[in-house]
Structures are given as structure tokens and as C-alpha cells.
Amino acid sequence: MKQVNELTFNEAGLIPAIVQDAQSKEVLTLAYMNQESYEKTLETGETWFYSRSRKELWHKGATSGHTQQVTSIRYDCDKDALLVLVIPSGPACHTGSYSCFSEDGVKPQGGEQDRFAILNELEQVIAKRQAEMPEGAYTTYLFEKGVDKILKKVGEEASEVIIAAKNRDQEELKWETADLLYHLLVLLREQQLPLDDVLKVLKKRHQGE
């Protein structure tokens, strides 16, 4: 971790900090740190920022309980911006949204989409559901019931995949596999295990490491 005297703060004594969910990779917010809040972040393992409007330090989640556990802090090549990877315990935005960047802006036109992009999107949606816990959502229900319910669903869906495959029913197999993948992603989120870590294991095995 970079020492505070090695970072480049602006003329106001601040450095921008992009906060990103360590699991889903969703960008949660952009805030600012001064030397003291940076040091407090290192000391406590939770995010501290400097409020430019209130002219004071603030501990994320101090009043809401939605703290952010820091897993790592990276800095850019000029050492004048930070990327803070966190495990959030609730919404990052004061509006109650999972991310401050919840509004869609301009979307690029054309180009072929990554065929696995839906897994990234689904992982982000599940993270959003866990943070916001919207009433009536099935994912909310699973998180409320806890790991035993999630594990039961994973087992049930795995059994359904086996049955569909045994029956040579490709249509049923397609749907049941989708259900299994979804519930596995919910389980990974509950266990705080990023999908990226699973993909790294697959890559190592493929490379014969």
C-alpha cells in the first residue's frame, strides 16, 4: 500500500478515490480523500473520505450502517488518483441505490457484444439486489432466507439439470442450466467470493499450473 507522502494530492490537498465493488466490479461512487482520511482508511480497513461541501472527514456508513470494507487500494501511473476496492454492506449512494452511477447515459452503437457479458451484468444485478434489498424481488427473498435456502436451490437446480440431460431434453436443459448459473452466482455473492476468482482457477487448470 502506498504511503501517504508518496501520493500526489491536488492544490486543495485532495485526491479522487473511485470506489469499486471488489466482487461485481461495479463502480459504486467517486469521492475524495485527504491525507487524514486516507490514513484512517488504512488504519480501520473501511472507507473514510473528505467532504468538500461540509469541509470535514466522513466515515462511510457511520450513520447508515452501510460501511465499505476495503480489500485493496490501487493508484494510477501519476499517483494522483485512487481505485478503492471494497465489500459493501449496503447501498453506496445516499439515495439508497447500490451505486451512485445508476443512471444510463450514452450507450455505444454497433459492435459485437461479448457473449459472456450477461454473466457480468447478472453478477452486478445480484450485488445491487443484496445492497438495496427491494421488496418482492426473488433475489431479495434468497438473501433474506440465508445460505441454507440458497444451497437448497443450488441442489434442486443441479438435480433438474441432471434430469433434463438424462432425458435428452435440450429445451429443458437450457432453462435449468440458466437457473443453476443464476443460483450459483447468488451463492458466490453470499459467500463474498468473486466470480473472477473462479475464472482464475479455470485458467490455471487450462494452463496446467
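All figures in this text were calculated on a predicted structure; none of them were measured in a lab. Sequential numbering from 1 along the given sequence is applied to the chain's residues.
Put simply, the side chain of Leu188 does not reach to within 4.5 Å of the side chain of Leu184, judged on heavy atoms. The closest side-chain heavy-atom distance from Leu187 to His183 is not below 4.5 Å. Put simply, the side chain of His66 does not reach to within 4.5 Å of the side chain of Pro88, judged on heavy atoms.
A donor-acceptor contact closer than 3.5 angstrom links the side chains of Ser89 and Thr67. Side-chain contact check for Tyr32 and Ser51: no donor-acceptor pair (N or O, by modelled atom type) lies under 3.5 Å. No side-chain donor from either of Tyr75 and Asp80 sits under 3.5 Å from a side-chain acceptor of the other.
Under the 3.5 Å distance criterion, the side-chain polar atoms of Ser37 are matched with a main-chain donor or acceptor of Asn34. Between the side chain of Glu172 and the main chain of Ala164, no donor-acceptor pair closer than 3.5 Å is present. A donor-acceptor contact shorter than 3.5 Å links the side chain of Thr140 to the backbone of Pro134. Panel note: side chain Ser72, backbone Leu85; no donor-acceptor pair is recorded below 3.5 Å. Side-chain atoms of Ser24 come within 3.5 Å of backbone N or O of Glu26 as a donor-acceptor pair. The backbone N or O of Ala22 sits less than 3.5 Å from a side-chain atom of Lys25, completing a donor-acceptor pair.
By the neighbour-count criterion of 12 heavy atoms within 6.0 Å, atom CZ of Arg168 is sparsely surrounded, having that number or fewer from other residues, nucleotides or ligands. Heavy atoms of other residues, nucleotides or ligands lying less than 6.0 angstrom from CD of Glu56 number more than 12.
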Could you give me the CA-CA distance, side-chain angles and deciding distance for Lys40 and Glu43, then say whether salt bridge (Lys or Arg N to Asp or Glu O under 4.0 Å) is met? CA-CA 5 Å; Lys40 277 187 169 292; Glu43 178 185 343; 5.3 Å; no

Using salt bridge (Lys or Arg N to Asp or Glu O under 4.0 Å), reason through Arg189 and Asp21 one step at a time and then give a plain yes or no. CA-CA 11 Å; Arg189 183 69 191 184; Asp21 189 315; 2.9 Å; yes

